[in-house]
Amino acid sequence: MTEPVLNPWEQFRQQVVRALHEISGKDLGGFLGRPAKPEHGDLGCTAAFSLAKEQRGNPAEIAKELAKIDTSRFSLIQKVVAQGPYVNFYISIKPYRQLVIDTLQRLGEQYGRSETFQGIRAVVEYPAVNPNNPWHIGHARNAVLGDTMARVLGMVGYDVTRMDYINDLGLQIAVVYWGLKHLAKEPLKGKYDQALGRIYVEAHQKHDKAQVERYLQLMEKGTNEVAKEVRAMSERCLRAHHKTAARLDVQHDLLVWESDIAHSGLFAEALDKILESPNIKRLTEGEKAGCLIVDLSAYEEFRQLKDTEKILIRSNGVATYTGKDVAFHFWKFGIIKDPFLYRQFRRKRGENQTLWTTTQKGKPGRFTPANVIFNVIGMPQSFPQRTVYLVLETLGYTDASEGYYHLAYEFVTLPGKRFSGRRGTWIGFSTDAVVREATRRARREVKARNPNESPKFYRQVAESIGAAAVRYSLLKVAVEKQITFRWNEMLNFDGNAAPYLMYTHARASSILRKQSAPKTANLDVLSTSHEIEIVKLIGRFPDIILGIVEGMQREKWGTRIELFKLAEYAYKLSVAFNSFYNHCPVLKAESKDLIAARLLLVDACSQVLRNALTLLGIHPLERI
RNA sequence: GGGCCCGUGGCCAAGUUGGUUACGGCAUCGGCCCUCUAAGCCGAGGAUCCAGGGUUCGAAUCCCUGCGGGCCCGCCA
């Protein structure tokens, strides 16, 4: 019995690898790449260059030898051609087309999935915005990356928990609470996080240090009126954050609060574990007398520092940020048992869509430890992030250290300045403001194009398009590129942008509305380059998704993810469809056979586009 | 002092384990709506790949030296 096919392109690639192995006796898979030009075939092999070097031969001669593959034994290889030193493989379109369509029809909305990482538990954490101001557009980049990452991981088999960590015990929270008490005029106007953010800017300048310090102590202590009010304030802010998240269809499963960590006993338990390690030291003399430290001088990049000793617990017994983070990750990985109580924060539409939160009064047991964790955190935090997982390693938790991924991305900035909560540079560039403006512009367009629709239609469609435009703008750029925020680019609706993708899907839907697609058809009549291009792109979809996850490279200062490849794919498929749309009539094709086959192709393309858009967090609409 | 990321047509930007003619978008110019949604399609122009050296049959990609932009290196949070 053969496994049911999930990934058509991989079937072809494997046949090429087998064919090359048979003719050369070597695994030449590493030399395969996709040629830049279609006339060079579907897969090219550059092995002849290095074989020539080894054998002191001529690359072109060697390529010619490699190309003497008997293709009749490989169903998906149509021909092999040596073009100079390159060995180019051409796909056998007839069986491949059938394989692609069969696979897609069998899997439907599941098409694209793979089982490679089945059964592995993953936690993705994002965006961890402090609950004292709203998300600015840079926070949206974090959130959208995390949310999309979670969707992609789910597609390749991971069991994913989408987590948000909320630091409701920091100085900035005490400051905004001070502002609320001393500056704010009740009732606050507008969205709560926006109002808090403005108060914070003012409070940052005006606050009384001693009073703020007093609040901070009470917050950390827990059982008192101030702590209760601060938690209520933070939760209210979080609800406002999650309204923003909902606009962008950014989802979470679990909120973890710093104040719950502080009062859960998690740290005491982690400390016991930390003390078991032979590599933890309590210093008795010098500047750091009384501190618990880990010496990181074994790592080359730390030796350059003035100080290779990383403090986990201060001389006053309080944990440092690194110390807290190490303890928190003990929990994520199940090194210590789960000390939290949980309750529902919000019930969502679907059954399994409940958003849970840690709490002081609730029930235990809502969390299963992870095998791998992905923290979506800015590139500038590379150093502290690396410190955390190197400390884990030094303490003896190598599995946890290796399963710790810092998904690093560069910030969104304004021309010439950074976003700052304190200075209030985010005002006017909150995620809400940007999405609102995108929606406003979308609504104008939608109304012009659909003059006789209801206000409800305009609103719903415009909201989807506006949010999608913002999401896509943030996703289509490689994570290591800084984004300078410009309205015209963020809200571009033409070309490589979300509205184009949605428009493409709506066009396909429009055809299928007029005549539904048959389940089977004679696919041999699909012979134009436009039709074949679509089939080939559809066949690559599962491989694109898997490639994003497998291509993740954990480097010293962060792991890069190539989520933009998903955006790029959706765009390419759309380009191919629109080209087809303009060159190949469907409903008015010249024969019944051709109409049926093209309808089936439109249906197939639309399904894959829908799958891709859903992964991108874009709602595929039938009409826009 | 040490370290990280980025530099590709006017603007944005893919390609950076070396490999077939540097992928696209915006903007500009020309063409296409009696035919399935023109947020579209077809075509044109536009690139010393930051600079200079080096390695190689072959460099946007690797190495060296600079330049420009952004950032990191606390018992802080």
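Below, read A as the first sequence line, B as the second, and so on, with proteins coming before strands; counting in each chain starts at 1.
Residue A:P35 has its side chain nearest to B:U20 when only B:C36, B:U20, B:C6 are considered.
Taking the 5.5 Å centre cut-off and the 30° plane limit, the aromatic side chain of A:F49 is classed as stacked on B:G19. The aromatic ring of A:W557 does not stack onto the base of B:G3, failing the criterion of a centre distance under 5.5 Å from the six-membered base ring together with planes under 30° apart. Taking the 5.5 Å centre cut-off and the 30° plane limit, the aromatic side chain of A:F383 is not classed as stacked on B:C72.
Among the protein residues, A:N167 comes within range of no part of the nucleic acid, since none of its heavy atoms lies under 4.0 Å from any strand. Nucleic acid contact for A:A408: none, since no nucleic acid atom lies under 4.0 Å from a heavy atom of the residue.
Between A:I465 and A:P499 the shortest heavy-atom distance is CG2-CG, 3.9 Å. Taking both residues in full, the closest heavy atoms of A:S259 and A:D168 are given as OG-OD2, 2.5 Å, listed atom of the first, atom of the second, then distance.
Ion pair A:E533/A:K536 not flagged as a salt bridge, since none of the NZ, NE, NH1 or NH2 atoms sits closer than 4.0 Å to an Asp/Glu carboxylate oxygen. Salt-bridge check for A:E445 with A:R441: failed, with every basic side-chain N at 4.0 Å or more from each acidic carboxylate O. Of the charged side-chain nitrogens involved, none lies within less than 4.0 Å of a carboxylate oxygen, so that A:E213 and A:K209 do not count as a salt-bridged pair.
With sequence neighbours excluded, no residue forms a side chain to side chain donor-acceptor pair (under 3.5 Å) with A:K324.
The stretch residues 293-304 of chain A participates, sequence neighbours left out, in these salt bridge (charged side-chain N to carboxylate O under 4.0 Å, His left out) pairs: A:E300-A:K556, A:E301-A:R386, A:E301-A:K556.
Comparing the C1' positions of B:C72 and B:A77 gives a spacing of 16 Å, expressed to the nearest Å. Taking atom C1' on both B:A14 and B:C6, the two are 15 Å apart, rounded to the nearest angstrom.
Nearest-nucleotide mapping onto RNA chain B: of A:V461 and A:Y571, the residue sitting toward the 5' end is A:Y571. Summary of the strand contacts: A:S50 and A:P585 both lie near RNA chain B, and taking for each the nucleotide with the nearest heavy atom, the more 5' one is attributed to A:S50.
Contact check, A:R449 against B:A39: a side-chain N or O comes under 4.0 Å of OP1 or OP2. Residue A:R560 places at least one side-chain N or O under 4.0 Å from the OP1 or OP2 atom of B:C6. Proximity of A:Y503 to the phosphate of B:A39: a side-chain N or O atom is located under 4.0 Å from OP1 or OP2.
Stem analysis of RNA chain B (at least three stacked-register Watson-Crick or G-U pairs, each with both distances under 3.5 Å) gives B:1-7 with B:67-73, B:10-12 with B:24-26, B:28-32 with B:40-44, B:50-54 with B:62-66.
No hydrogens or angles were tested; on distance alone, nothing pairs the side chain of A:S382 with the base of B:C72 as donor and acceptor under 3.5 Å.
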